[in-house]
Enquirer: 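Here it is, the structure in full.
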Amino acid sequence: MPANDQPPAYSYLGPAGTFTEAALKQVPEAVGAIWRSVNNVGEALADVVAGRSLAAMIAIENSIDGGVSATQDALANVPGLRIVGEYLVPVNFVLVARPGTRLGDVRVVNAHPVAYAQTRLWLEQALPDHGHLPATSNVAAAAALLPTGDEVGVLADAAIAPPGITEHYPLEVLANDIGDNPNAVTRFVLVGRTSAVPPATGSDKTSIIAELPDDRAGGLLDMLEQFATRGINMSLLQSRPIGDALGRYRFVIDLDGHILDERVADALLGLKRFSPHVIFLGSYPRADQQPVTVSPRYDNEAFVDARDWLRALVAGEDE
Ligand SMILES: O=C(O)C(=O)C[C@]1(C(=O)O)C=C[C@@H](O)C=C1
């Protein structure tokens, strides 16, 4: 516990009731801690960097909408952060409105952009001429329907919100299960300040961000080869604009394995030799706890044997 006897704080996208809060509820260490509700990813990470929070829970990937670009860009641009864990939350949505509203009355729908993207087909069918008002979170979208003097929020007629929202706010559900895919899942990561990596568990993931050298044909293939030739599976590869000029991209990559696994360490050394900028975001236990299996050619022993062989050659010892 910190010197002032305050429990540690965790930042999350609020208010209470968001899927981000549901992800934070999966963290045993957060029980009894202070939970800081914030409005966006930048605010959550700034809390961590400034030491106001020990860690922040942020959405990084959705099974329908893909990578959460605000998160990927923030992790590329804010130094001194490490992912320490990942958490999966099944997501589904309801459409809510002020009591008395009928579906036919709805013109403007308040929704977090990632939630909106996951309900687009339903909205096109049920409310073909609706307008979208973006909200900072799913719960904020619903809360803003209630008149509190926030005129922007009151402009919307309905909101896309998590099921259970009516336990927190006096709203009515106009439609249930409006997600376009009933199996949608959002992946969250817990991000703290840079510290030593935790030990490998055998069921780990490593996240990195890498840039390619300019003006070199085959740069992307060179990068992918670093992983392929060491038997490393990638579970995410996404390009994001670096932002300084058209056509310049960085790559957000998730690898199966831990930086302390010989094959992953070796691949990172290979990547570092040609990439102008590699950011190591962390090695952490996989949410699905599935063991990472590799062929014996790529296990730790194979790398250690190969190094011992080389050392013996140099030392002039018998093979
Ligand atoms: O945590 C929430 O409830 C949010 O509103 C955020 C968020 C996100 O940032 O991606 C989280 C999960 C859902 O897939 C949609 C939105």
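For this chain, numbers begin at 1 and follow the sequence in order. Every number for a ligand or one of its atoms is a count from 1 in the order of the listing. It should be emphasised that the depicted structure is a prediction, and the values quoted were computed from it without experimental measurement.
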Enquirer: To which protein heavy atom is atom 7 (C) of ligand 1 closest, and what is the distance rounded to 0.1 Å?
Expert: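 Sorting protein heavy atoms by distance from atom 7 (C) of ligand 1 puts H112 CE1, 4.0 Å first.
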Enquirer: Under the salt bridge (charged side-chain N to carboxylate O under 4.0 Å, His left out) criterion, do D266 and R307 qualify, and how do the steps go?
Expert: CA-CA 12 Å; D266 205 53; R307 250 199 325 265; 6.0 Å; no
Enquirer: With rounding to the nearest 0.5 Å, note down the distance linking CG in N39 to OG in S11.
Expert: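 Rounded to the nearest 0.5 Å, the CG-OG separation comes out at 11.5 Å.
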Enquirer: Where does E21 meet ligand 1, judged by heavy-atom distances below 4.0 Å: at the side chain, the backbone, both, or neither?
Expert: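 Neither part.
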Enquirer: For atom 14 (O) of ligand 1, what's the nearest protein heavy atom and its distance?
Expert: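 For this ligand atom, the closest protein heavy atom is T186 OG1, 2.7 Å.
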Enquirer: Please confirm whether F19 comes within less than 3.5 Å of ligand 1 when only nitrogen or oxygen atoms on both sides are compared.
Expert: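 Yes; at least one N/O pair falls below 3.5 Å.
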Enquirer: Using a strict cut-off of less than 4.0 Å between a Lys/Arg side-chain nitrogen and an Asp/Glu carboxylate oxygen, indicate whether K25 and E21 qualify as a salt bridge.
Expert: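 Answer for the salt bridge query: yes.
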Enquirer: Below 4.0 Å, non-hydrogen atoms only: which portion of N62 touches ligand 1? Side chain, backbone, both or neither.
Expert: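 The side chain, only.
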Enquirer: Which distance, rounded to the nearest 0.5 Å, do you find between the NE2 of H258 and the CG of N300?
Expert: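 Output value for this atom pair is 11.5 Å.
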Enquirer: With heavy-atom distances below 4.0 Å as the criterion, list the atoms of ligand 1 near V114.
Expert: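 Those atoms are 10 (O), 14 (O), 15 (C), 16 (C).
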Enquirer: Going by the atom numbers of ligand 1, which of them fall below 4.0 Å from some non-hydrogen atom of A59?
Expert: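 Those atoms are 8 (C), 9 (O), 10 (O).
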Enquirer: Please could you name the atoms of ligand 1 that T20 approaches to less than 4.0 Å, counting only its heavy atoms?
Expert: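 In order of number, 1 (O), 2 (C).
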Enquirer: Taking 4.0 Å as the limit for heavy-atom contacts, which would you say applies to L13 with ligand 1: side chain only, backbone only, both, or neither?
Expert: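 Within the 4.0 Å criterion, L13 contacts ligand 1 through side-chain atoms alone.
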Enquirer: Mark up the atoms of ligand 1 that fall under 4.0 Å of a heavy atom belonging to Q118, in ascending order.
Expert: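 Heavy-atom distances to Q118 below 4.0 Å select 13 (C), 14 (O), 15 (C).
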Enquirer: Rounded to the nearest 0.5 Å, how far apart are CD1 of I60 and OG1 of T186?
Expert: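 Between I60 CD1 and T186 OG1, I get 12.0 Å after rounding to 0.5 Å.
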Enquirer: So if I apply the side chain to side chain contact (heavy atoms under 4.5 Å, CB included) rule between D254 and each of Q238, M234, R187, which one comes out positive?
Expert: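 In the set Q238, M234, R187, the residue that makes a side chain to side chain contact (heavy atoms under 4.5 Å, CB included) with D254 is R187.
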Enquirer: If we check side chain to side chain contact (heavy atoms under 4.5 Å, CB included) with P162, which of these qualifies: T18, V91, V139, N92?
Expert: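 Output: one option passes, namely V139.
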Enquirer: Is the F93 to H112 ring centre distance short of 6.0 Å?
Expert: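 No, they do not, as the ring centres are separated by 6.0 Å or more.
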Enquirer: Which residue supplies the protein heavy atom nearest to atom 11 (C) of ligand 1, what is that atom called, and how far is it?
Expert: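 Going atom by atom, the protein heavy atom closest to atom 11 (C) of ligand 1 ends up being F188 CZ, 3.9 Å.
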Enquirer: Under 4.0 Å from any heavy atom of N138, which atoms of ligand 1 are there?
Expert: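 Matching atoms, with element in brackets: 2 (C), 3 (O), 4 (C), 5 (O), 15 (C), 16 (C).
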Enquirer: Evaluate the ring planes of W35 and Y12, with Trp represented by its six-membered ring, and classify them as parallel (under 30°), tilted (30 to 60°) or perpendicular (over 60°).
Expert: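 Perpendicular.
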Enquirer: Run the numbers for me: atoms of ligand 1, each under 4.0 Å from some heavy atom of S137, listed by number.
Expert: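 Result: 5 (O).
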